[in-house]
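Structure first, then comments.
Letters go in sequence order (proteins before strands), and every chain restarts at 1. Basis for what follows: all heavy atoms, side chains included, without hydrogens, waters or symmetry-related copies. Quick caveat, the model's predicted, so the values are computed rather than measured.
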There are 4 protein chains.
Amino acid sequence: MNTTGRFFRCTTFGESHGRAIGAVVDGCPAGIEFSKDDLMPLMERRRPGKSPLSTARSESDNVEILSGIFEGKTTGTPVAMVIRNENFRSGDYDELKDVFRPGHADYTYHEKYGIRDYRGGGRSSGRETAGRVMAGALAMKLLAREGISFSGNILRIHGEKNPDLFENEILSAKKSGDSVGGIVEISIKGCPAGLGDPVFGKLDASLAGVMMSIGAVKGVEIGDGFLSAGAFGSENNDCMDMSGFLSNHCGGILGGISNGNEIVVRIAVKPTPSIEKEQKTIDTSGSDRMISVGGRHDPCIVPRIVVVAESMAALTVADALLAQKVQQFLR
Amino acid sequence: MNTTGRFFRCTTFGESHGRAIGAVVDGCPAGIEFSKDDLMPLMERRRPGKSPLSTARSESDNVEILSGIFEGKTTGTPVAMVIRNENFRSGDYDELKDVFRPGHADYTYHEKYGIRDYRGGGRSSGRETAGRVMAGALAMKLLAREGISFSGNILRIHGEKNPDLFENEILSAKKSGDSVGGIVEISIKGCPAGLGDPVFGKLDASLAGVMMSIGAVKGVEIGDGFLSAGAFGSENNDCMDMSGFLSNHCGGILGGISNGNEIVVRIAVKPTPSIEKEQKTIDTSGSDRMISVGGRHDPCIVPRIVVVAESMAALTVADALLAQKVQQFLR
Amino acid sequence: MNTTGRFFRCTTFGESHGRAIGAVVDGCPAGIEFSKDDLMPLMERRRPGKSPLSTARSESDNVEILSGIFEGKTTGTPVAMVIRNENFRSGDYDELKDVFRPGHADYTYHEKYGIRDYRGGGRSSGRETAGRVMAGALAMKLLAREGISFSGNILRIHGEKNPDLFENEILSAKKSGDSVGGIVEISIKGCPAGLGDPVFGKLDASLAGVMMSIGAVKGVEIGDGFLSAGAFGSENNDCMDMSGFLSNHCGGILGGISNGNEIVVRIAVKPTPSIEKEQKTIDTSGSDRMISVGGRHDPCIVPRIVVVAESMAALTVADALLAQKVQQFLR
Amino acid sequence: MNTTGRFFRCTTFGESHGRAIGAVVDGCPAGIEFSKDDLMPLMERRRPGKSPLSTARSESDNVEILSGIFEGKTTGTPVAMVIRNENFRSGDYDELKDVFRPGHADYTYHEKYGIRDYRGGGRSSGRETAGRVMAGALAMKLLAREGISFSGNILRIHGEKNPDLFENEILSAKKSGDSVGGIVEISIKGCPAGLGDPVFGKLDASLAGVMMSIGAVKGVEIGDGFLSAGAFGSENNDCMDMSGFLSNHCGGILGGISNGNEIVVRIAVKPTPSIEKEQKTIDTSGSDRMISVGGRHDPCIVPRIVVVAESMAALTVADALLAQKVQQFLR
């Protein structure tokens with residue numbers, strides 16, 4: 001199931017070490033200006049190889065738009081975007097052919113499909129998120145016209161909340177052959193009241209679903225989230241007066257519908273499973289094995305995941321916005 | 001958007017104080033024994049009015065199966081189930097006609113639809129979840145044949161983790177005209193490896209989406225969830241040996257696919273927004289108002305939400321199971 | 001798969017001799033006035049038992065609206081509608097329990113599901129179309145606001161093209177224990193240019209799909225249809241001048257999109273398979289049997305199918321209209 | 001809406017004179033051997049420029065498989081396929097920029113989207129069907145394993161039923177600056193009983209929908225189709241004895257479900273709208289214009305449409321087969 005969205009539909013494809021990775025966006029209204037220039041700044045934020053904190057794999061991430069754009073604008077037909085994979089040394093992965101890396105999807109893909117593209121995790125690689133960012137870039141362009149914007153922020157790396165110390169935290173983990181995770185907060189500004197479709201297309205439900213679909217994400221919360229479980233109703237309710245809402249514990253969503261306030265989503269990102277430290281695992285024959293995952297791996301995926309989460313938020317809001325245009329047309 | 005699932009599809013309908021509330025399940029395979037006897041124990045767990053902790057509204061919740069069952073078994077055609085609403089005193093709600101209750105969906109429904117069934121929250125009422133439980137009962141019956149079972153557990157009410165003190169915590173809040181929330185854990189046992197459809201139909205993504213679609217849920221986590229954000233990779237990875245996985249930090253899901261272990265989902269439930277304590281709000285004309293929400297309301301929805309969360313988990317797993325039967329048929 | 005439509009979604013349920021038959025419409029915008037008065041004239045046109053030409057089964061077809069309407073208007077939540085089945089003498093069908101009626105779906109349901117509600121054809125009965133008409137009534141109400149209307153017309157009964165002689169044709173078949181079919185034309189007026197979503201949601205594709213989903217329909221054509229296969233391009237093209245299109249060979253649809261002209265759809269309806277004449281068949285054990293299908297059966301379903309086809313056209317156009325509102329919102 | 005299918009999902013993209021044209025197939029089970037060798041014979045049948053009867057545009061139609069295949073087999077992940085467009089002389093189309101060609105989708109795309117890729121019809125070009133054939137090739141490969149095969153046959157070109165005279169008929173139309181259409185029959189052999197999902201996913205409904213989604217198709221019939229409207233029930237019913245069905249008037253589908261017999265679908269193909277003969281039309285400013293469409297155009301699209309129709313049939317049957325595997329898994 002590689003399509004998300006009902007109105008603004010994004011289908012992604014491609015494996016880490018296959019020929020290409022890409023996305024097809026179907027349902028984007030005609031008339032949106034869109035070009036590679038809108039894509040590349042986002043792709044750049046997702047790109048590995050930029051710092052010692054990130055994998056050394058240098059991807060050019062040079063997106064080509066194959067369809068759906070004419071004279072610089074969307075035409076209402078599907079927008080297909082693709083990156084040719086380069087610089088993949090799949091030989092790196094031969095030794096992983098028969099062994100299941102702990103914390104990775106190797107074992108579950110094997111169980112599900114009976115066959116597995118083991119090169120760099122295949123479809124389960126973080127590389128898959130490149131397609132999400134391509135599609136997200138188009139969603140953001142559409143939403144910018146409506147005054148809706150997205151920004152992401154790292155709240156924590158491992159136990160550290162001070163951004164100045166994030167790099168340290170990551171390097172220290174790397175040095176010990178280990179990895180760390182963190183927490184990212186996505187803020188959506190300018191979203192009008194009324195987006196989200198009860199009861200199964202609620203805006204928070206959709207956001208939770210797409211956020212959790214990002215590899216490495218293990219938790220999602222909206223507004224006060226888990227904290228609200230420990231609050232009294234009188235503390236947690238967002239009261240109103242003529243000036244609007246007096247607080248935003250709900251994170252901008254009530255009853256699954258945006259209330260016009262800033263929408264706040266937080267995600268928990270697990271530590272990268274690829275680590276040098278030796279770990280117990282088994283191989284495809286079921287025998288015990290010890291494994292140390294070397295090679296070019298991020299000791300922390302959090303910095304690169306921010307733009308992916310923003311993109312998923314944008315896809316979700318674009319979809320909800322289009323749905324609401326249907327709902328509103330009689331008014 | 002009142003349908004969930006791609007294969008095992010559940011559509012719910014009905015308002016709190018409308019004529020009826022119900023569900024239609026489409027896509028359930030033929031041959032499953034199913035009757036009211038399978039439904040009523042679950043409905044009973046969701047039913048209000050059972051204790052001083054719960055709303056005094058006494059609902060008979062007498063489900064009638066309208067279609068899709070012949071000689072005690074599903075036939076492969078849609079199973080429609082319905083409860084006629086009784087004992088609704090909609091007069092209770094006339095005073096709420098023009099005012100937006102804090103923490104409720106009153107304001108957002110008004111903004112979205114321009115029209116609002118204000119009687120007891122209409123579609124945004126917790127009553128809507130009755131349809132989910134009806135459908136969940138059928139999903140559970142299907143899954144029981146495959147050895148898959150669901151159980152829910154309250155981990156916390158407000159700040160309290162001791163189950164013996166939960167009732168106290170709720171009564172104390174009620175006495176002060178307030179309300180409390182809590183945390184519920186759902187456990188799914190017997191689920192085979194291989195369920196879940198990357199990348200947008202991952203099992204954890206689907207679970208997160210449906211859990212967050214339950215009113216009052218503000219956070220979802222799988223396995224270690226937010227805790228995993230503070231762990232090292234070497235701690236968080238679930239190693240394996242020939243006997244299987246040596247831990248279950250991932251909560252039974254890797255790369256969005258079940259790994260054969262127990263699946264663990266936790267949800268954060270906010271305190272009930274209906275409280276007697278006076279709160280600031282506005283009315284439909286935009287004027288300031290003070291409101292105290294009297295009437296029959298749960299001071300804590302957590303005990304009743306458990307079976308709803310189990311039901312949503314069952315719908316999700318049923319859908320993923322059917323999807324996997326397609327994937328596997330060649331083997 | 002008992003749901004049709006992507007935006008204006010209709011789910012139907014119910015068997016011929018089950019407890020009830022009904023429909024749930026999800027996605028209808030809020031604010032549409034809708035009541036039983038809008039439903040009953042259409043239901044009446046579909047109703048059997050009105051004349052000697054039709055089955056003697058007298059159905060009251062008294063639709064109850066269970067949800068989604070408040071103070072006479074749609075609220076944007078699902079509209080569930082239901083008819084309780086009455087006057088079903090299922091004893092009539094005991095003799096058909098083990099035998100496959102020629103031309104019916106008895107054999108294929110048996111093969112597909114391994115279990116079969118044999119009472120009156122169960123879900124494969126024409127009674128299923130009652131749900132379609134309920135949903136169609138709501139679609140028509142929505143579309144009437146946009147100036148779009150539907151009308152159906154019988155072009156032929158068996159070989160007869162003169163409407164004055166249709167009754168004769170049917171009675172004559174009935175007398176000889178046989179049945180006849182015919183051709184129905186549906187006209188859609190007032191449809192704006194721009195409806196239909198290439199390439200798989202083209203308006204003609206959707207119309208063809210839903211028309212063929214009506215039991216007994218074996219062919220669908222748009223505009224000149226099969227005749228166009230024998231025309232020259234110079235004859236078949238609809239030229240334009242400043243006043244608009246100069247002909248309508250295309251039946252109001254070009255490239256799968258409405259062109260603003262009258263939309264013309266024709267369907268071929270097969271003769272009712274239930275006939276008194278003896279026919280060869282087999283039973284569930286595979287043995288040869290002779291069968292004469294007595295009881296209350298239409299010798300010709302064509303007159304009653306007209307309103308069903310109009311309803312399906314309305315559902316399709318409503319769906320396409322909502323889709324186009326999304327497409328257009330930027331303009 | 002550029003995706004078709006619920007289980008075996010095909011998304012196509014690309015314009016006639018854009019950079020590329022392609023398809024993404026999602027939901028194909030893992031383990032199917034698939035390579036370019038399976039694709040090219042079908043692409044070759046669709047390819048223009050092979051004879052004087054067809055457009056002179058020579059397309060290499062060199063498909064590249066970008067994802068979803070590993071070591072020669074499907075992996076269960078999306079299979080993306082693409083052809084780079086070559087040999088497009090878009091200058092040819094500058095004169096058509098402001099004018100609506102009769103019988104084409106120029107006017108309706110303009111009305112729908114407000115913007116139009118006028119180069120060779122953009123997305124409404126027959127070139128779009130290349131993506132359908134790519135996806136169809138994979139569906140056929142899957143179905144071949146189950147013993148299901150597809151073949152298409154031209155029954156008529158214009159008024160001519162003798163295949164030896166088809167070429168004559170087309171050349172004669174071409175000589176007079178005109179074009180012709182025809183009728184194609186698709187036969188599906190080896191399809192087991194039980195495929196098709198009542199009531200809106202019936203096999204005949206799905207086939208009708210996808211066939212009508214092919215540009216130029218104006219009518220679809222199953223089995224006896226429109227002829228059945230003139231038959232008596234006693235003639236049209238397919239009787240059975242222990243050896244099976246004694247006739248196949250229904251075309252292999254009863255109640256929307258395959259009955260195990262050969263499935264027979266016929267489509268009416270209109271004459272190519274691009275003709276040299278002068279025709280009245282208007283331009284985008286609404287002024288009257290005369291137009292003669294020169295350039296490289298097929299005087300008859302029928303021969304090339306056969307493989308497209310086979311491909312659409314294969315996509316539909318693959319989808320229905322996977323759906324039935326879900327239905328059957330308990331047995």
Option among B/His104, B/Gln279, B/Arg101 that satisfies the side-chain hydrogen bond (donor to acceptor under 3.5 Å, both in side chains) test with A/Asn237: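 Among B/His104, B/Gln279, B/Arg101, the one that satisfies the side-chain hydrogen bond (donor to acceptor under 3.5 Å, both in side chains) with A/Asn237 is B/Gln279.
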
Side chain from CB out, backbone as N, CA, C, O: work out which of these in [X] comes under 4.5 Å of a heavy atom of chain A, or both, or neither.
| X | result |
| --- | --- |
| B/Leu203 | neither |
| B/Tyr113 | both |
| B/Arg289 | neither |
| B/Thr3 | backbone |
| B/Arg156 | side chain |
| B/Ile275 | side chain |
| B/Lys280 | both |
| B/Leu246 | side chain |
| B/Ser124 | neither |
| B/Asp238 | backbone |

Side chain to side chain contact (heavy atoms under 4.5 Å, CB included) assessment of B/Leu254 paired with A/Tyr109: CA-CA 9 Å; B/Leu254 277 170; A/Tyr109 267 67; over 6 Å; no

Within 6.0 angstrom of B/Glu276 CD, more than 12 heavy atoms from elsewhere: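 No, the 6.0 Å shell around CD holds no more than 12 heavy atoms from other groups.
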
Heavy-atom neighbours of B/Lys325 NZ exceed 12 at 6.0 Å: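 Atom NZ in B/Lys325 is crowded, with more than 12 foreign heavy atoms closer than 6.0 Å.
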
Stepwise side chain to side chain donor-acceptor pair (under 3.5 Å) test for B/Thr108 and A/Asn259: CA-CA 6 Å; B/Thr108 51; A/Asn259 70 0; over 6 Å; no

Pairs of heavy atoms under 4.5 Å with chain B: top-ranked of A/Ser213, A/Gly181, A/Gly201: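 Going by pairs under 4.5 Å, I would pick A/Ser213.
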
Option that, when pairs with chain B are counted at under 4.5 Å, heavy atom only, ranks first among A/Gly159, A/Gly196, A/Gly215: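 Highest number of heavy-atom pairs under 4.5 Å: A/Gly196.
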
Parallel, tilted or perpendicular: rings of B/His158 and A/Phe232 (30°, 60°):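 Ring orientation, 0 to 90° scale: tilted.
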
Segment of A/Ser287 engaging chain B (4.5 angstrom heavy-atom cut-off):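 Only the backbone of A/Ser287 comes within 4.5 Å of chain B.
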
salt_bridge(B/Lys112, A/Asp197) N-O dist < 4.0 Å: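 Looking at A/Asp197 together with B/Lys112, the answer is yes, because their closest N to O distance falls below 4.0 Å.
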
